[in-house]
Amino acid sequence: MKIENKIKDTVAEAIENLYGQKTDSNSVQINLTRKDQKGDFTVVVFPLLRISKKNPEETGKEIGAYLKENMTEIAEFEVIKGFLNLLLSHSYWINSLNEIKDVEEYGFTKTTEDSPLTMIEYSSPNTNKPLHLGHIRNNLLGYSLSRIVGSTGEKVVKTNIVNDRGIHICKSMLAWQKWGNGATPESTGKKGDHLVGDFYVKFDQEYKKEIAGLVASGLSGDEAEKQSKLMAEAREMLLKWEAKDPEVYELWKMMNDWVYKGFNETYKALGVDFDKIYYESETYSIGKEEVLRGLEEGLFYRKEDNSVWADLSAEGLDEKLLLRSDGTSVYMTQDIGTAKMRFNDYPIDKMVYVVGNEQIYHFKVLSLLLDKLGYKWGKDLVHFSYGMVELPEGKMKSREGTVVDADDLIAEMVNTAREMSKELGKLDGYTEEEAEKVYYTIAMGALKYFILKVDPRKNMTFNPKESIDFNGNTGPFIQYSYARIQSVLRKAKDKNITVPDVLNDSSELTEKEIQLLKMVMNFPNIVAEAGKVYSPAVIANYAYDLAKEFNQFYHEMPIVFEEDAKKREVRLVLSEKIGEIIRQSMWLLGINVPERM
RNA sequence: GGUUCCGUAGCUUAAUUGGAUAGAGCACCUGGUUACGGCCCAGGAGGUUGUGGGUUCGAGUCCCGCCGGAAUCACCA
């Protein structure tokens with residue numbers, strides 16, 4: 001049994017014995033003791049005064065005395081201002097370490113056949129431009145979430161919905177036809193997604209020129225947009241695409257393939273992957289069918305102009321368009337279709353959408369619609385929304401060219417990591433290839449950690465320079481701490497120091513060692529917490545605290561050079577376990593740790 | 001204007017879900033350490049937790065009103 005629960009039970013028992021009233025042990029409030037106070041666990045006595053009818057000091061003392069009497073684990077207690085602080089014995093801590101030291105994947109819950117299945121959708125790119133910093137946040141959050149949820153005992157399916165159709169893609173295609181001169185990724189040496197993105201930009205430029213010309217000839221802005229020939233051509237192309245016009249369709253396939261190749265490179269560099277990819281071009285027609293089914297069942301209604309709507313005013317929302325008057329589908333229709341396909345493919349218990357917070361309203365509506373259409377997870381689907389990524393210079397705006405390209409950013413991070421590592425020269429003896437791998441690990445650790453450590457809901461500012469710092473609350477600092485532990489363990493091995501299977505529980509522990517053990521044993525709670533609130537940031541902050549605490553310990557006392565064998569053994573086992581937990585924590589964030597750096 | 005989210009030190013952020021004196025990092029200033037690795041330690045400065053009320057033994061956290069910022073409210077995706 002977990003010690004927290006044992007304390008709770010015993011407190012309940014104490015109350016019954018002392019004051020003659022039964023209490024639910026779950027209502028007993030217990031926390032880890034604040035760092036600046038003596039003690040390990042704290043029982044909050046205020047809520048118990050109602051029962052004891054005595055002052056906080058007295059109540060705390062009576063309960064404390066009872067606990068000490070009845071629990072061998074408790075060595076001392078102290079009551080301060082209504083808080084009962086309990087100090088556990090050294091042998092308790094060493095025995096706890098004995099219990100967990102050989103447990104693999106400590107803190108993770110294994111999935112079984114009957115585990116619930118959660119599907120996590122993330123990434124969801126458009127195929128008309130390359131990925132940028134905003135997508136990076138999405139991908140990292142989604143991937144980390146899938147690992148966290150998967151470690152709390154749930155089955156996870158990672159999925160991606162690719163927005164591979166629509167007017168925006170026709171714009172790129174049209175620009176390529178008009179001004180591309182047959183350019184291909186091979187002929188230009190450009191990554192496919194970048195090449196297509198260039199034509200998307202080209203379209204926008206030419207379109208603006210055309211509008212400016214029309215306005216100069218005396219039209220108003222609105223009229224000019226209506227009269228634009230370019231836009232008309234793009235729309236015409238979309239209609240041809242929907243009609244599967246062979247020429248348009250082939251062009252669409254070819255350009256999308258270029259983009260996918262490019263995306264796959266970026267995904268690989270980011271270290272993310274998917275179990276199942278859906279394409280909007282395959283789901284939008286299913287969405288239409290679903291909407292028509294809903295229409296037949298009287299869930300939706302048709303307006304005079306033939307468009308189809310859902311009335312959500314009873315739920316406090318507006319009317320929502322589901323099919324245009326010309327019968328074509330909108331964003332919502334496609335998401336309904338995708339949901340249906342997924343539901344057919346997997347026995348989904350819970351659906352999580354990792355999508356930016358600008359779409360909160362959309363997902364509120366989607367949830368209601370899916371519920372109406374009879375999907376059991378529709379009502380409580382989770383829209384994991386996150387804030388924007390900004391730069392120190394200000395907001396990213398694609399029109400103003402201040403977007404940070406994902407590939408550029410990754411390359412820049414690797415360069416910085418290489419320069420810094422070379423200066424420090426700890427990789428002497430590594431081959432070039434091995435060293436490159438380490439640079440990459442550090443670069444991605446910096447990038448990923450910096451983005452994942454902040455509360456997802458908040459808008460964040462990405463500062464490349466700060467993120468790759470080796471000190472402070474950064475990924476490389478944690479990676480460094482891990483590498484340092486491995487270095488200590490190697491040293492122990494060199495000196496032929498071994499540890500017994502079971503540590504002797506009679507040795508004394510220092511404050512620092514106990515503090516570290518407490519943190520180690522709190523790891524399972526942290527994982528559970530992160531899974532519950534869907535927050536990689538919880539893991540990130542924990543990993544940092546643990547690394548920092550270890551570094552203090554490392555500084556304060558010798559490990560390998562400790563003369564007393566019993567002490568040395570405890571410290572080695574503790575160090576090894578902390579190394580494992582740092583590795584696991586970083587793994588949950590999708591970050592690798594190097595043996596040396 | 002309606003709805004939703006956010007507001008903590010110069011900057012980036014945390015706070016065990018309502019608990020003790022709001023805790024870190026970066027940057028800045030003193031000093032000390034630096035056996036296993038760049039670490040680390042002590043101290044200084046920096047906070048009316050946007051603001052005013054309310055609930056509570058107890059509020060950064062819950063409720064209400066303001067102020068500021070963001071997003072959204074399309075036959076765009």
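Order of the sequence lines fixes the chain letters, A, B, ..., with proteins taken first and strands second; residue numbering starts at 1 for each chain. In this text, all values refer to a predicted model and were calculated from it rather than measured experimentally.
Across G46(B) and C5(B), the matching C1' atoms stand 29 Å from one another, rounded to whole Å. For U61(B) and C6(B), the P atoms lie 13 Å apart once the distance is rounded to whole Å. U48(B) and A22(B) are spaced 13 Å apart, taking the P atom of each and rounding to whole Å. For the P atom pair drawn from A24(B) and U16(B), the interatomic distance equals 16 Å after rounding to whole Å. Using atom P as the reference point in both G10(B) and A45(B), the two lie 15 Å apart (nearest Å). A distance of about 31 Å separates the P atoms of C62(B) and C26(B), rounded to the whole Å. G37(B) sits 40 Å from A20(B) when the P atoms are compared, rounded to a whole Å. Between G7(B) and U13(B), the two C1' atoms lie 13 Å apart (nearest whole Å).
If you measure from atom OH of Y386(A) to atom P of A71(B), you get 14 Å, rounded to the nearest angstrom. Following rounding to the nearest Å, D455(A) (CG) and G23(B) (P) show an atom-to-atom distance of 20 Å. Following rounding to the nearest Å, L452(A) (CG) and A14(B) (C1') show an atom-to-atom distance of 16 Å. Protein atom CE of M460(A) is 16 Å distant from nucleotide atom C1' of A70(B), rounded to whole Å. The distance between atom CG of D40(A) and atom C1' of A20(B), rounded to the nearest whole Å, is 17 Å. Atom CZ of F46(A) and atom P of A59(B) are 11 Å apart (whole Å). As a whole-Å value, the separation of M388(A) CE from C5(B) P is 16 Å. Rounded to a whole Å, the CE atom of M557(A) is 15 Å from the P atom of C40(B).
Contacts of N126(A) with the nucleic acid, taken as non-hydrogen atoms under 4.0 Å apart, involve only primed sugar atoms and P, OP1 or OP2. At the heavy-atom level, V454(A) lies under 4.0 Å from the strands shown only through sugar-phosphate atoms. Residue Y554(A) is classed as a base contact, given a heavy-atom separation below 4.0 Å to a base. P125(A) comes within 4.0 angstrom of no nucleic acid atom, judged by non-hydrogen atoms across all strands. Within the 4.0 angstrom heavy-atom criterion, base atoms lie near P558(A). Residue V330(A) is classed as a sugar-phosphate contact, given heavy-atom separations below 4.0 Å to backbone atoms only. Residue contacts for A537(A): at a heavy-atom cut-off of 4.0 Å it reaches no nucleic acid atom on any strand shown. Within the 4.0 angstrom heavy-atom criterion, base atoms lie near F83(A). Looking at heavy-atom distances under 4.0 Å, D545(A) makes no contact with the nucleic acid at all.
Out of U3(B), C36(B), A77(B), the shortest distance to the side chain of K364(A) is found at U3(B). For I80(A), whose side chain is taken as the heavy atoms from C-beta onward, the closest listed nucleotide among C76(B), A20(B), G19(B) is A20(B). The side chain of F477(A) lies closest to C39(B) when the candidates are A20(B), C36(B), C39(B). Of all nucleotides listed (U21(B), G19(B), A77(B)), A77(B) comes nearest to the side chain of E280(A). With G19(B), A71(B), C6(B) as the candidates, the nucleotide lying closest to the side chain of R457(A) is C6(B). Comparing C36(B), A20(B), U33(B) by their closest approach to the side chain of H555(A) singles out U33(B). Comparing A24(B), G37(B), A20(B) against the side chain of K81(A) picks out A20(B) as the nearest.
Within the 4.0 Å cut-off from OP1 or OP2 of G7(B), at least one side-chain nitrogen or oxygen of K458(A) is found. The shortest distance between the side-chain N/O atoms of R484(A) and the OP1/OP2 oxygens of G37(B) is not below 4.0 Å. The phosphate of C41(B) has OP1 or OP2 within less than 4.0 Å of a side-chain N or O from Q552(A). The shortest distance between the side-chain N/O atoms of K548(A) and the OP1/OP2 oxygens of C39(B) is not below 4.0 Å. Look at R324(A) and you'll find a side-chain N or O under 4.0 angstrom from OP1 or OP2 of A77(B).
Considering only heavy atoms from C-beta on, N473(A) stays 4.5 Å or farther from F477(A) through its side chain. Two residues are said to be in side-chain contact when any heavy atoms from C-beta on lie closer than 4.5 Å; L323(A) and S307(A) fail this criterion.
Pair assignment for G18(B): none, as no Watson-Crick or G-U wobble contacts are both less than 3.5 Å. As the counterpart of G1(B), C73(B) is assigned, both hydrogen-bonding distances of the Watson-Crick or G-U wobble pattern falling under 3.5 Å. Nucleotide U33(B) is matched to nothing when pairs are restricted to Watson-Crick or G-U wobble geometry with both distances under 3.5 angstrom. Under the Watson-Crick and G-U wobble criteria, each requiring two contacts below 3.5 Å, nucleotide C26(B) is paired to G10(B). Look at G52(B): its Watson-Crick or wobble partner, with both distances under 3.5 angstrom, is C64(B). Searching all strands for a Watson-Crick or G-U wobble partner of A59(B) with both distances below 3.5 Å returns nothing.
The minimum heavy-atom distance linking Q479(A) with G445(A) is given by the pair NE2-CA, 3.7 Å.
Between Y361(A) and K491(A), the residue whose closest nucleotide on RNA chain B is further toward the 5' end is K491(A). Comparing K303(A) and E358(A) by the nucleotide of RNA chain B that holds the closest heavy atom to each, the one mapping nearer the 5' end is E358(A).
Checking each of E76(A), E511(A), E78(A) against K38(A) for a salt bridge (charged side-chain N to carboxylate O under 4.0 Å, His left out) leaves exactly one that passes, namely E76(A).
Interface remark: the T42(A) side chain does form a donor-acceptor pair with the A20(B) base, using a distance-only criterion of under 3.5 Å. One can find a donor-acceptor pair under 3.5 Å joining the base of A20(B) and the side-chain atoms of N85(A).
Taking a cutoff of 4.0 Å between a charged side-chain nitrogen and a carboxylate oxygen, R583(A) and E595(A) do not qualify as a salt bridge.
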Is there a side chain to side chain contact (heavy atoms under 4.5 Å, CB included) between L312(A) and D318(A) once you walk through the steps? CA-CA 5 Å; L312(A) 300 173; D318(A) 273 339; over 6 Å; no
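Using cut-offs of 30° and 60° on the angle between ring planes, the pair F550(A) and Y554(A) is tilted. Using cut-offs of 30° and 60° for the angle between ring planes, the F384(A) and Y534(A) rings count as perpendicular. Ring orientation note: the planes of F83(A) and F46(A) are nearly perpendicular, at an angle over 60° on the 30°/60° scale.
Figure legend: K320(A) and W309(A) shown without cation-pi pairing, the cationic atom not lying both under 6.0 angstrom from the six-membered ring centre and within 45 degrees of its axis.
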